[in-house]
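Okay, structure first, notes after.
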Protein chains: 2
Amino acid sequence: MEFKEAKDKFINTWGAFGTLWGINKAMAQIHALLFISPDPLSMEDIMEELDISRGNASMNLRALMEWGIVYKIGVTGERKEFFTSEKDVTELSRQIAKERSRRELQPTIRVLKEISNITDDGTAKTKEFIKQTKAMYDLADTADTMMNRIVNQEQNWITKTLVKLFK
Amino acid sequence: MEFKEAKDKFINTWGAFGTLWGINKAMAQIHALLFISPDPLSMEDIMEELDISRGNASMNLRALMEWGIVYKIGVTGERKEFFTSEKDVTELSRQIAKERSRRELQPTIRVLKEISNITDDGTAKTKEFIKQTKAMYDLADTADTMMNRIVNQEQNWITKTLVKLFK
DNA sequence: TTAAACTTTCAGTAATTATTGAAAGTTTAT
DNA sequence: ATAAACTTTCAATAATTACTGAAAGTTTAA
């Protein structure tokens with residue numbers, strides 16, 4: 001396999017993978033493109049490479065910047081702006097985990113906590129509801145805590161130990 | 001808040017959460033409904049409760065069964081079939097992690113491995129491509145391994161220890 | 001067998017989500 | 001101040017994804 005084929009395959013695979021996890025195709029593909037590009041790219045470059053419109057490129061670049069995994073940089077002597085992505089996969093996953101937790105997990109956890117607090121009227125359906133939503137709350141909360149701790153901070157001794165044991 | 005309101009809130013929240021993670025609304029809502037129901041429900045019950053068509057209910061129930069988190073059961077004396085969900089959240093997350101790994105992560109990992117193996121022609125773009133896709137492969141592979149080990153097997157001492165430390 | 005009770009399938013349609021492209025907005029150089 | 005170079009916005013449209021409903025299929029009971 002040669003470079004061009006491999007590159008296209010990466011961009012497409014990443015796009016498809018993103019789609020399965022609730023990220024739109026163009027966004028994932030722009031990220032993929034920047035991720036493997038040795039140099040920053042202009043909006044023009046991206047539009048051409050991925051065959052997408054200016055508006056699409058603009059909107060998804062902004063979204064990627066809001067996720068904290070793509071940066072806009074100025075190149076001296078150039079009028080237009082250039083974009084580059086987070087190249088360190090550890091930092092990349094840290095950032096994604098952080099954002100998904102903040103945007104999606106935490107709001108859900110808040111609701112679970114709230115609704116699992118209805119007064120127990122003694123009926124079977126209420127009892128089951130409280131039991132199950134509490135269990136779901138605990139699960140989500142534990143997952144969120146672990147996710148944040150593992151990916152947020154610098155790897156501490158326990159994480160290192162764990163990684164060694166799991167490798 | 002009373003039961004009915006809390007119940008609707010749970011079903012809707014779960015549906016919205018699922019959507020963000022690539023699971024369709026009806027599927028997530030059916031799961032939510034079964035998850036809090038003390039008794040198994042018939043297709044009729046589900047259709048009525050969620051106000052969806054027979055076809056929709058049928059297809060999503062099948063999908064949930066394929067994910068291994070909803071079961072079809074026969075009730076003696078009843079002609080129609082009843083459905084119930086996995087009630088244990090540990091088993092639920094184990095199953096979801098297992099399936100997402102199998103269906104989505106592993107195929108992606110396979111591609112990453114393949115494409116990061118192109119021959120290095122010495123150009124900067126090829127070098128960067130190989131470096132970055134290898135890094136992504138390592139990340140995905142480690143994540144997959146950890147995910148599977150943590151959620152797949154019975155909690156062993158290290159996991160227990162970890163959970164304690166993280167709580 | 002027959003037929004009632006129930007489930008599945010899938011073509012058509014609806015709803016949602018993503019994308020375009022051009023007008024409006026912004027920045028920079030002169 | 002003007003205009004060229006560039007970016008953003010957003011209404012219109014396209015593409016994708018989900019849902020419906022009825023016909024076909026299956027199971028069960030008599």
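Numbered from 1 within each chain, the chains take letters A, B, ... in sequence-line order.
At whole-Å resolution of the value, CG in Asn60(B) and P in dT7(C) are 15 Å apart. One interatomic measurement links the two molecules: CE of Met59(B) to C1' of dG21(D), which rounds to 11 Å at whole-angstrom precision. Per the geometry, NZ belonging to Lys25(B) stands 13 Å off C1' belonging to dT17(D), to the nearest Å. Distance, Ile30(B) CD1 to dT7(C) P: 13 Å, rounded to whole Å.
Asn12(A) places a side-chain heavy atom less than 4.5 Å from the side chain of Gln29(A). The side-chain heavy atoms of Leu34(A) and Leu61(A), taken from C-beta on, include a pair separated by under 4.5 Å. Taking 4.5 Å as the limit, every side-chain heavy atom of Lys125(B) sits out of range of all side-chain heavy atoms of Glu128(B).
Residues from residues 62-83 of chain B placing a heavy atom under 4.0 Å of any atom in DNA chain D, listed by number, are Arg79(B). DNA chain D lies under 4.0 Å from at least one heavy atom of each of the following residues of residues 32-58 of chain A: Met43(A), Arg54(A), Gly55(A), Ser58(A).
Residues Asn56(B) and Asn60(B) have side chains that bring a donor and an acceptor to within less than 3.5 angstrom of each other. With 3.5 Å as the limit, one finds no donor-acceptor pair spanning the side chains of Thr126(B) and Asp120(B).
The aromatic rings of Trp14(B) and Phe10(B) lie parallel to each other, with less than 30° between the two planes, well short of the 60° mark.
Residue Asn24(B) places at least one side-chain N or O closer than 4.0 Å to OP1 or OP2 of dC19(D).
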| task | Could you check Glu66(B) against Arg103(B) for salt bridge (Lys or Arg N to Asp or Glu O under 4.0 Å), going step by step and ending with a plain yes or no? | result | CA-CA 12 Å; Glu66(B) 278 162 6; Arg103(B) 298 177 190 206; 5.3 Å; no

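Contacts classified as ring-ring contact (aromatic ring centres under 6.0 Å, His included) and involving residues 109-134 of chain A (residues at least two apart or in different chains) are given here: Phe129(A)-Phe3(B).
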